[in-house]
Number of protein chains: 2
Amino acid sequence: MPEADIERICRQHSLPLTAQRRIVLQALSLRPTHPTVDDLWSDVRQAMPEISRTTVYRILETFAHLGVIRKVGHPDSAARYESRTSRHHHLLCLQCGRMEDLDDASLDTIRLPGLKTGFQIEDYSIQFRGLCSRCSAPAKPRLKRRKTAGRTKA
Amino acid sequence: MPEADIERICRQHSLPLTAQRRIVLQALSLRPTHPTVDDLWSDVRQAMPEISRTTVYRILETFAHLGVIRKVGHPDSAARYESRTSRHHHLLCLQCGRMEDLDDASLDTIRLPGLKTGFQIEDYSIQFRGLCSRCSAPAKPRLKRRKTAGRTKA
DNA sequence: ATTGCGGATGCAATAACATTGCATAAATGA
DNA sequence: TCATTTATGCAATGTTATTGCATCCGCAAT
């Protein structure tokens, strides 16, 4: 998320533009894998060692309520956030919990379920579950090596 | 989940069939809305007041690892479980956090993303976000009442 | 029915995750 | 620069989840 966007967002909502807000949103947008609050806190402390964990919690909650970022559901309980709010999908690794974004325009044409659900639906996203490349690779450890020997690099 | 299934599952995995396991799985299958651990603990204590919270945690984790039940991702941090592991989708209320199941065979034909994702995909489910009937109804509170006056029952 | 084994349970302690109250500090607009 | 308003940091507290260990219970062999 470019600096300019962060400024605009704060001004639009009459929120003081603080260094903490800049740096937290910045850190979030640099993380493609839906970090937890503590992941972000670690990142942010590199540049601002005195920032408080509470502040990170608060900033994320504030912007999530504004719809600027999103809190994503993840089976490993611990809040996770993402900076993208436009439609996209998720790849979830059942082994390590890694969650990556997936963009695929052909998935934009899902027929929304009818009103009989009782829900007024605004958007959707698909969660694909499986094994990420890191976790599926070591799945055949007994295989004899051929010439394209496996990189076991975790 | 019928009693017989619970027995079968335990025998298949050589797990002692305890009263606690029976009652926790039973309680989960009676809850259509993806309860938290404490939701289930409350339910279960009606019939078994001395059951420990820790035990409920452990039973759910055990069976989730076996694939008998599933831990679902939910933006409100607190683990939630569901007893259905066959493909189905979710309706999530952004207001109250309620999450309901949606079955719709026409959503079974999603084209899986290719191997270029690096993921080996096993299954997917769609999360539809919006407002549930309870939360979308009071959304126009300034409206003059007509003959179909609103039930304000939260 | 009794016994013995291994795993499950309950409890208490602890850890991990999250929120709140309040004093201080910083951003904004005049 | 000053006043106002809100954010931040800190410490305390609350909530959610896990762990170690003594005891209990399901289960199978007797």
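A, B, ... follow the sequence lines: proteins, then strands. Residue 1 opens every chain.
For T55(B), a side-chain nitrogen or oxygen approaches OP1 or OP2 of dG10(C) to under 4.0 Å. Dashed line: the shortest gap from a side-chain N or O of T54(A) to OP1 or OP2 of dA18(C) is not under 4.0 Å. Side-chain nitrogen and oxygen atoms of Q20(A) include at least one within less than 4.0 Å of the OP1 or OP2 phosphate oxygen of dG9(D).
The distance between atom CD1 of I59(B) and atom C1' of dA8(C), rounded to the nearest whole Å, is 8 Å. Between E61(B) atom CD and dA8(C) atom P the separation is 12 Å, expressed in whole Å. Rounded to whole Å, atom P of dA17(D) lies 15 Å from atom NE2 of H65(B). Per the geometry, CZ belonging to R45(A) stands 14 Å off C1' belonging to dG9(D), to the nearest Å. Atom CD in E50(B) sits roughly 12 Å away from atom C1' in dC24(D) (whole-Å rounding). Going from atom CE of M48(A) over to atom C1' of dA26(C) covers 11 Å, rounded to whole Å. Rounded to whole Å, atom C1' of dG10(C) lies 11 Å from atom CH2 of W41(B). Atom OH of Y57(B) and atom P of dA15(C) are 17 Å apart (whole Å).
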Query raised in the report: Could you go step by step and tell me if L91(B) and M99(B) meet the side chain to side chain contact (heavy atoms under 4.5 Å, CB included) rule?
Result: CA-CA 5 Å; L91(B) 297 159; M99(B) 191 188 256; over 6 Å; no
Query raised in the report: Under the side chain to side chain contact (heavy atoms under 4.5 Å, CB included) criterion, do L25(B) and R21(B) qualify, and how do the steps go?
Result: CA-CA 6 Å; L25(B) 290 187; R21(B) 282 179 175 152; 5.5 Å; no
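Between H90(A) and H34(A), the distance separating the two ring centers is shorter than 6.0 angstrom.
Contact annotation for A79(A): backbone-only contact, meaning every heavy-atom pair under 4.0 Å involves sugar-phosphate atoms and none involves a base. The residue S14(A) sits apart from the nucleic acid: no heavy atom pair falls under 4.0 Å. Among the atoms of the strands shown, only primed sugar atoms or phosphate atoms (P, OP1, OP2) are found under 4.0 Å from some heavy atom of R21(B). Residue contacts shown for T36(A) are absent, as no nucleic acid heavy atom lies under 4.0 Å away.
A cation-pi arrangement is present between R87(A) and Y124(A), with the terminal nitrogen or guanidinium carbon under 6.0 Å from the aromatic centre and inside a 45° cone about the axis.
For R11(A), the listed nucleotide lying nearest its side chain is dT28(C); candidates were dT28(C), dC11(C), dA18(C). Side chain of R58(B), nearest nucleotide from dA18(C), dC21(D), dT8(D): dC21(D). Relative to the side chain of D38(A), the nucleotides dA8(C), dC17(C), dA7(D) differ in distance, and dC17(C) lies closest. Out of dA17(D), dG26(D), dA7(D), the shortest distance to the side chain of P16(A) is found at dA7(D).
The 5' end of DNA chain D is approached more closely, in terms of each residue's nearest nucleotide, by A78(B) than by the other of A78(B) and C10(B).
A salt bridge does not link E122(A) with R129(B): none of the charged nitrogens is closer than 4.0 Å to a carboxylate oxygen.
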